[in-house]
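To start, the structure itself, in structure tokens.
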Amino acid sequence: MKKTFGILGLLIVVFLATAYMADSFLTPFNLENLIRRTSLFGIISIGVAFVIITGGIDLSIGSVVCLIGCGLPFLLHVDYTPNHQATLAEINAAQSTITLQDNAGFRQGDQVRLFDSSTTNSGIYQITGTSGQTLTVDPAPRADDQRGQIVQVYPVGQRKARRITVPAGLAERDRVTFVHANGDVGLTARVTASTGDDYELTEAGPEDAGYVIALHRHQRTSVPVALSLVLLVSLGIGLSHGYMVAKIKLQPFVVTLCGLLLYRGITRGFTEDQTQGFQDEYPDLRLIATAKFGQLDYAQALGLLGGVLLAAGIGWYLWQRKKAAPQEERRWTYIPMALGAAVALCGVYQAKHIPILDAPVQEAKTVKVDLPLGAKQIILEGRANGQWQALDQQAIPPHDRPQQATILSLAEIRTKTKITDWTAVRVVVAERDLPSIGIPAPCLILLVVAIAAGIFLNHTIYGRYLLALGRNEEAAKYSGINTDRMIVLAYVICSLLAGLGGMLFVMDVNSAQPVDFGNFYELYAIAAAVLGGCSLRGGEGTIIGVIIGACLMRVLKNMITLVDAIPTHIEYAIIGAVILAGVTADELIKRYAAKRAALKQQES
């Protein structure tokens, strides 16, 4: 518990330091993004914590994230293909014929667009006759050629705004590409509703485009099948890791290091090193990672967070009291209560406070003053004859980044007001809308995972088995615990949460490159778990500590990105130094506590 509160203190220090040094840190966009990324890394950190508690390690987490993160959009890949399209073998202008390389099913009366041939041949043609792979077209092509392609087009009948009539046999979510009479292609729109040959589109096509190419949607697999497959793959990876460690007695380091190389190699193989993503498909599915719930302004958010901390502290105190815990243990409950009260008071202050900013006004030079977020109306006041008087009033346009107010020089103010004894200027924020922040969906997923993991680890017999296994495997085995089964269970939990993280990561960013997606994620997860109180020797760890460790890692990374004084290219060096310092301090404190306990025992 001491270590958890120590890491929490370090997190608060880093958070406040970053807020002080970087104006953009407390913007709604950055905070929401920080919460989202912290939640995603927190999920995979909880997974690796189970393995570390058993005394093992999993270095393959980043590659599992890559495999699942690239595999899901690969399975859900969507192609849009026309009814008929073919590559040409020859164009005979004199005979008005086109010979295809393969029989593509074109029929007499079809209309086609000819492209990728001589520019004089591009355009719309009608098939007047067919003979095997040779088509007779009207009008006749203008030049002989041995290259080009044709694709079937359909004339647009009636049109009204976003509705068109086309005999193309389309369904909802199919697409159409508009084509001009000269063969040039234009807008591509998606079908949102269909009734017979009448279709409603997402956008209205150009008025002078008289044809469309019908593009039919072909999905590689359905969403339930794809999700089931990636979860089964995650489960299989966890089972295989656990079996090799528990039954074959291979070292966890070796097994998971091989997995790190194997899974990324497999991913690069089946994707052919091509970037994977959902593009503009599956917007509802991606809401799992991108949605936001509720909108709380900063004062409400601080009040809610303070209330939660206060309630948690009180509940913890009552629970400790109920089980008759020693007074020394009960003292720890005062920390979340005090922290919650302080945070709630900060919320009240934010709601009631009217910012007044002193302007560093100069005699002959205009200066700028940074305004607090959400400022809507400001009043510029000057001091003359010992009193503050209004000089100007300005409306600030809506914004989500810090804005600045321009302050005239004292000489300009004297000229403008005809008063010569101005000595100071200040900015009063007369009207302010506190910035609002939403709760990202991954935060709620992390909350569910954390509660389930905490209950499993601390309030079930299997959680106690895992802790006992980590402390002394031989003793656990002799006490009747099926240690092999518990090791397999730990690796399964780790891989399943890594797979869940991989899905959420790719849904969040909508792009995954097999060569580097998930790189170093295993190190971030292990570092978060170790910082949060998990001992690499096993047998020790808390879920709340792991989450705090994940928060610290992400705030550190955010600090390096936003603070200009810290070069971004030494990011890993700074994070490594902080982790090393934290672990070293923890070990020294642990030794000091053990020594002190030994001295007390000797004295008694």
Side-chain angles (χ1 to χ4, degrees), residues 3 41-65 67 233-264 449 453-454 456-458 460-479 481-502 518 520-543 545-546 549-550 579 583 586-587:
K3 182 171 183 178
F41 278 96
I43 290 170
I44 62 176
S45 299
I46 290 173
V48 79
F50 278 93
V51 172
I52 293 175
I53 285 171
T54 66
I57 198 72
D58 193 340
L59 301 177
S60 67
I61 291 174
S63 293
V64 174
V65 168
L67 176 63
V233 169
S234 301
L235 176 63
I237 290 172
L239 288 171
S240 63
H241 286 179
Y243 180 82
M244 285 186 280
V245 172
K247 297 294 186 181
I248 307 180
K249 303 301 179 184
L250 298 179
Q251 289 296 319
F253 180 89
V254 175
V255 172
T256 57
L257 178 62
C258 293
L260 179 150
L261 302 172
L262 181 63
Y263 307 139
R264 188 170 298 277
V449 171
F456 177 84
L457 188 62
N458 298 306
T460 68
I461 190 66
Y462 299 107
R464 296 188 181 93
Y465 286 170
L466 285 175
L467 291 167
L469 169 63
R471 293 189 184 103
N472 191 319
E473 183 176 353
E474 288 298 320
K477 186 179 295 185
Y478 288 131
S479 66
I481 297 173
N482 190 332
T483 55
D484 290 348
R485 183 180 298 173
M486 300 313 300
I487 290 173
V488 172
L489 176 62
Y491 281 96
V492 166
I493 292 172
C494 182
S495 292
L496 284 175
L497 290 180
L500 174 62
F520 295 110
Y521 283 15
E522 63 277 353
L523 301 184
Y524 282 113
I526 293 169
V530 172
L531 283 174
C534 293
S535 171
L536 290 174
R537 290 185 291 269
E540 185 179 346
T542 63
I543 301 303
V546 173
I579 295 171
V583 174
D586 171 63
E587 185 63 28

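- The stretch residues 239-263 participates, sequence neighbours left out, in these salt bridge (charged side-chain N to carboxylate O under 4.0 Å, His left out) pairs: K247-D484, K249-D484.
- Smallest separation of non-hydrogen atoms from V546 and A49: CG2-CB, 3.8 Å.
- A donor-acceptor pair under 3.5 Å is absent between the side-chain atoms of E540 and the main chain of S535, judged by distance alone.
- Within the structure, the salt bridge (charged side-chain N to carboxylate O under 4.0 Å, His left out) test picks out no pair touching residues 53-63 (sequence neighbours left out).
- Pairing each heavy atom of I44 with each of G501, the nearest pair is CG2-CA, 4.1 Å.
- Note that CD1 of I481 and CZ of R464 are 11.0 Å apart. Values are rounded to the nearest 0.5 Å.
- Inter-residue side-chain proximity for Y524 and S45 is flagged as unmet; no heavy-atom pair is nearer than 4.5 Å.
- The ring of F253 has its center no closer than 6.0 angstrom to the ring center of H241.
- Atoms CE and OG1, on M244 and T256 in that order, are 9.5 Å from each other to the nearest 0.5 Å.
- Put simply, CD1 on I57 and CD1 on I52 are 4.5 Å apart, with the number rounded to the nearest 0.5 Å.
- In this structure, I526 CD1 and L536 CG are separated by 8.0 Å, a value rounded to the nearest 0.5 Å.
- Contact detail for P252 and Y491: the closest heavy-atom pair is CB-OH, 3.1 Å.
- Considering CD1 of I543 and SG of C534, their distance stands at 7.0 Å, rounded to 0.5 Å.
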Check step by step if side chain to side chain contact (heavy atoms under 4.5 Å, CB included) holds for Y243 and L239. CA-CA 6 Å; Y243 180 82; L239 288 171; over 6 Å; no
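- For Y462, the side-chain contact (heavy atoms from CB on, under 4.5 Å) criterion is met by F456, T460, Y465, M486, not counting sequence neighbours.
- With sequence neighbours excluded, no residue forms a salt bridge (Lys or Arg N to Asp or Glu O under 4.0 Å) with K477.
- Evaluation of the side-chain contact (heavy atoms from CB on, under 4.5 Å) rule for L262 yields I266 as partners, not counting sequence neighbours.
- Side-chain contact between I237 and L67 is present, with heavy atoms from C-beta onward closer than 4.5 Å.
- Summarising the geometry of C494 relative to V51, their closest heavy-atom pair is CB-CG2, 3.5 Å, with the distance given to 0.1 Å.
- When side chains are defined from C-beta on, V245 does not count as touching L250, because their heavy atoms never get closer than 4.5 Å.
- For the side-chain contact (heavy atoms from CB on, under 4.5 Å) test, residues two or more places apart in sequence or in another chain that qualify with L467 are I53, L457, R471.
- Distance check: I493 CD1 to T54 OG1 gives 10.0 Å after rounding to the nearest 0.5 Å.
- Side-chain atoms of S63 never come within 3.5 Å of backbone atoms of S60 as a donor-acceptor pair (strictly under, hydrogens ignored).
- Proximity of a side-chain donor or acceptor of S495 to a complementary backbone N or O of V492 within less than 3.5 Å is not detected.
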